[in-house]
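These numbers were taken from a predicted model, which means no experiment stands behind them. First the proteins, then the strands, lettered A, B, ... as listed; each starts at 1.
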Number of protein chains: 2
Amino acid sequence: MPNNQQATLKIIAERAHVSVTTVSRVLSGDAEKCRISKKTEDVVRRIAKELHYEPNQLARALRLKQTYTIGIIIPDISNPFFSSIARCVEIESRKAGYSVMICDSQENTEIEKESIKILGMRKIDGMIICPVGKEWKHIYEFTKLNIPIVTVDRYFPELNVPYVVSENYDGSMQAVNYFIENGHRRIAFIQGLTDSSVNNDRLRGYKDALQMHNLPLNESLIVGDNFGEQSGYIGTKILLNGPERPTAIFAVSNLISLGAMRAISEEQLTIPDDISIIAFDDQPYFNYLCTPMTTVGQRKEEIGQISIKLLLNEINSDDISDNKRITVSTELIVRKSVKRLTASLSEAY
Amino acid sequence: MPNNQQATLKIIAERAHVSVTTVSRVLSGDAEKCRISKKTEDVVRRIAKELHYEPNQLARALRLKQTYTIGIIIPDISNPFFSSIARCVEIESRKAGYSVMICDSQENTEIEKESIKILGMRKIDGMIICPVGKEWKHIYEFTKLNIPIVTVDRYFPELNVPYVVSENYDGSMQAVNYFIENGHRRIAFIQGLTDSSVNNDRLRGYKDALQMHNLPLNESLIVGDNFGEQSGYIGTKILLNGPERPTAIFAVSNLISLGAMRAISEEQLTIPDDISIIAFDDQPYFNYLCTPMTTVGQRKEEIGQISIKLLLNEINSDDISDNKRITVSTELIVRKSVKRLTASLSEAY
DNA sequence: TTGAAAGCGCTAACAG
DNA sequence: CTGTTAGCGCTTTCAA
């Protein structure tokens, strides 16, 4: 490599004594179509190879007005729920010839707004976003640019944007019903980010399940305000020291359940003898916990697959087909963290 | 928004009846320097705002030969070790005005090569890579392009590239010493990707610790060949059913330890009564396992911070300073997964 | 079968 | 204080 300079069409053209156009045609596989002589084609190819030519995608994108780049914005890359989705999206994207720019919104609407703006300036062809979930105006503004977008895990009823989410309502019901079947009456709900659609739907499932069984709704058993470990810890502390200690806790995210466990063990209580718990979103390690955790499993791979498929569809076709609101089923994974209360005890309430 | 067309300098220039240059100068903050009249400046700014102008970073990058984009290649986005690093890198990058393209090499050298090529074509300003670790020629080729690169978690002695890694050798020693202090003699090692630097260093630590204590090295106690859960499971199965069942297992990654636990519980054994275990790389949930896991903790945040700092340094300065090989200390986190063997038993070996 | 020329949106050297 | 011009590397229309 005598020359550190990157090869360009121009350089190849000069060496091959042909025009830039010809080189471009050969190298983008249009030799056939433009009926370029086998001989020139060979020469061009040889020189391109010698020079290790790689097309400059920037220039290409500028000209084509297509970057073959998508953006993904998630609230916490290190949360295994989101990283599983991101992984899936990246792998499928590459297969389709796209690269992905990743942004961590840190569950913060301002950072989310900034990320959207940045991705816009970088002219992504489409965007997958797990929105923080409190505001949607900025997303609405973005849709005006006619850049395809699909929201994942959370959605906005106000917004006409394709989305894919778990069946949060049903999943929540499954969990609460299971508690009730096992004799629990005082069931707490440690929620995630209030007002986000995930949380709303799960909360609704919780409330409806209680109601279906004619159980009273006790607002003091609903605690927490975001999906993090901290919030789970604090919420549990409050519950355990409150006037009406619950017999069961429904933790609405994997991180929340970790915080709950921390608080529970700090209070010298054991699962499920002293308190039962179910977590939303299964994780590989839940099987190996002190008490294997009963969870509501989400099909993360499917969620990732569907979201990128939807997005690529939007990008590559103008079909205004419907059915762009997809929900993915959940599954109650029964392990050992829920205690069966005896009838007498359960009636005692 | 009467017009769906994105605003450009040209459009603004026309409306403001000035040249594109002037608009460019105003909007990139060079108004002062170029002594543009307050009046024109105001007009330009007003129109830009009206039209919601956002610079096209593609065009900018093409012209400037700088994309303000970095690439990150990791073997598994969903592995919390890597996703913690990725998160850190993304957050710090953005603070510095950079965006990040993410690639998952799936612990596969071919995909890694492809990813590097793709990132090259996209003209990233720098790259952070946790290489698969078996081959380095392709990375060497990339360095010839004079695009800064830093390797993380794994390095190549052959390569003169900045890197940041945990003190794998010491961490491994800490773990094995701890086993030995507790009376263990038959200590197995479930390794990760053979020939990767991480694995080499940890293996060396293991061997040296044994030797320091005059313990024999038993090759049949070294199993496994990659960092995944599967490998941990299989390795453990083999160990537990082998002729000389170990009393202790050192699992060299968080995923391996998960697989080990699966095998152990399948064999109806309990930790630490039947078998002791230490995992490399601490995770939040290790505290809540059936038997809280003793681990070798890595400072993931620091690793992420340092790597991006190193990279930005390389990008923004031509200083050929040294000290670009940084190792980050590890810490033995003692919990409950190692049993203290009685002297009599331990001597029995 | 090939090439000239224009242009994607931006910056910067140079000239007034 | 402002504008002209050239060019980053690529694709594509039009013409030969």
Decide yes or no, distance alone: a donor-acceptor N/O pair under 3.5 angstrom between the base of D:dT4 and the side-chain of B:Thr21. yes
Nearest to the side chain of B:Ser37 - C:dA4, D:dT2, C:dC10? D:dT2
From CG of B:Leu62 across to P of D:dC10 the rounded distance in Å is 9 Å
Do B:Arg87 and B:Ile91 come within less than 4.5 Å of each other through their side chains, counting heavy atoms only? yes
Here the distance between atom P of D:dG9 and atom CZ of B:Arg60, to the nearest Å, is 17 Å
Please work out if A:Leu64 contacts a base, only the sugar-phosphate, or nothing of the nucleic acid, heavy-atom cut-off 4.0 Å. sugar-phosphate
To the nearest angstrom, the CD1-P distance between B:Ile11 and C:dC10 comes to 9 Å
Please state how far atom NZ in B:Lys123 lies from atom C1' in D:dC10, giving the value in whole angstrom units. 12 Å
In the structure I gave you, are the side-chain heavy atoms of B:His138 and B:Glu112 within less than 4.5 Å of one another anywhere? yes
Using whole Å, report how far NE2 of B:His17 lies from C1' of D:dG3. 16 Å
From CG of A:Asp30 over to C1' of D:dT11, roughly how many Å is that when rounded to an integer? 10 Å
Between CZ of B:Arg25 and C1' of C:dA12 the distance, given in whole Å, is 8 Å
Which part of the nucleic acid does B:Ser28 contact within heavy-atom distance under 4.0 Å: base, sugar-phosphate only, or nothing? nothing
What class does the angle between the rings of B:Tyr98 and B:Tyr68 fall in, given that below 30° is parallel, 30 to 60° is tilted and above 60° is perpendicular? tilted
With a 3.5 Å cut-off and just heavy-atom distances, do the side chain of A:Arg63 and the base of C:dG9 make a donor-acceptor pair? no
When rounded to whole Å, the NZ to C1' distance for the pair A:Lys65 and C:dC8 reads 6 Å
Checking all strands, does A:Val18 fall into the base, sugar-phosphate, or nothing category for heavy-atom contacts under 4.0 angstrom? sugar-phosphate
Below the 4.0 Å mark, does C:dT2 have OP1 or OP2 next to a side-chain nitrogen or oxygen of A:Thr40? yes
Taking only side-chain N and O atoms of A:Ser24, does any of them lie within less than 4.0 angstrom of OP1 or OP2 on D:dT11? yes
Under 4.0 Å between a Lys/Arg side-chain N and an Asp/Glu carboxylate O for B:Lys144 and B:Glu141? yes
Side-chain contact, heavy-atom cut-off 4.5 Å: A:Met121 with B:Pro55? yes
With sugar-phosphate meaning primed atoms plus P, OP1 and OP2, does A:Leu9 contact a base, only sugar-phosphate, or nothing at under 4.0 Å between heavy atoms? base
5'-most by nearest nucleotide on DNA chain C - A:Thr22 or B:Ala59: A:Thr22
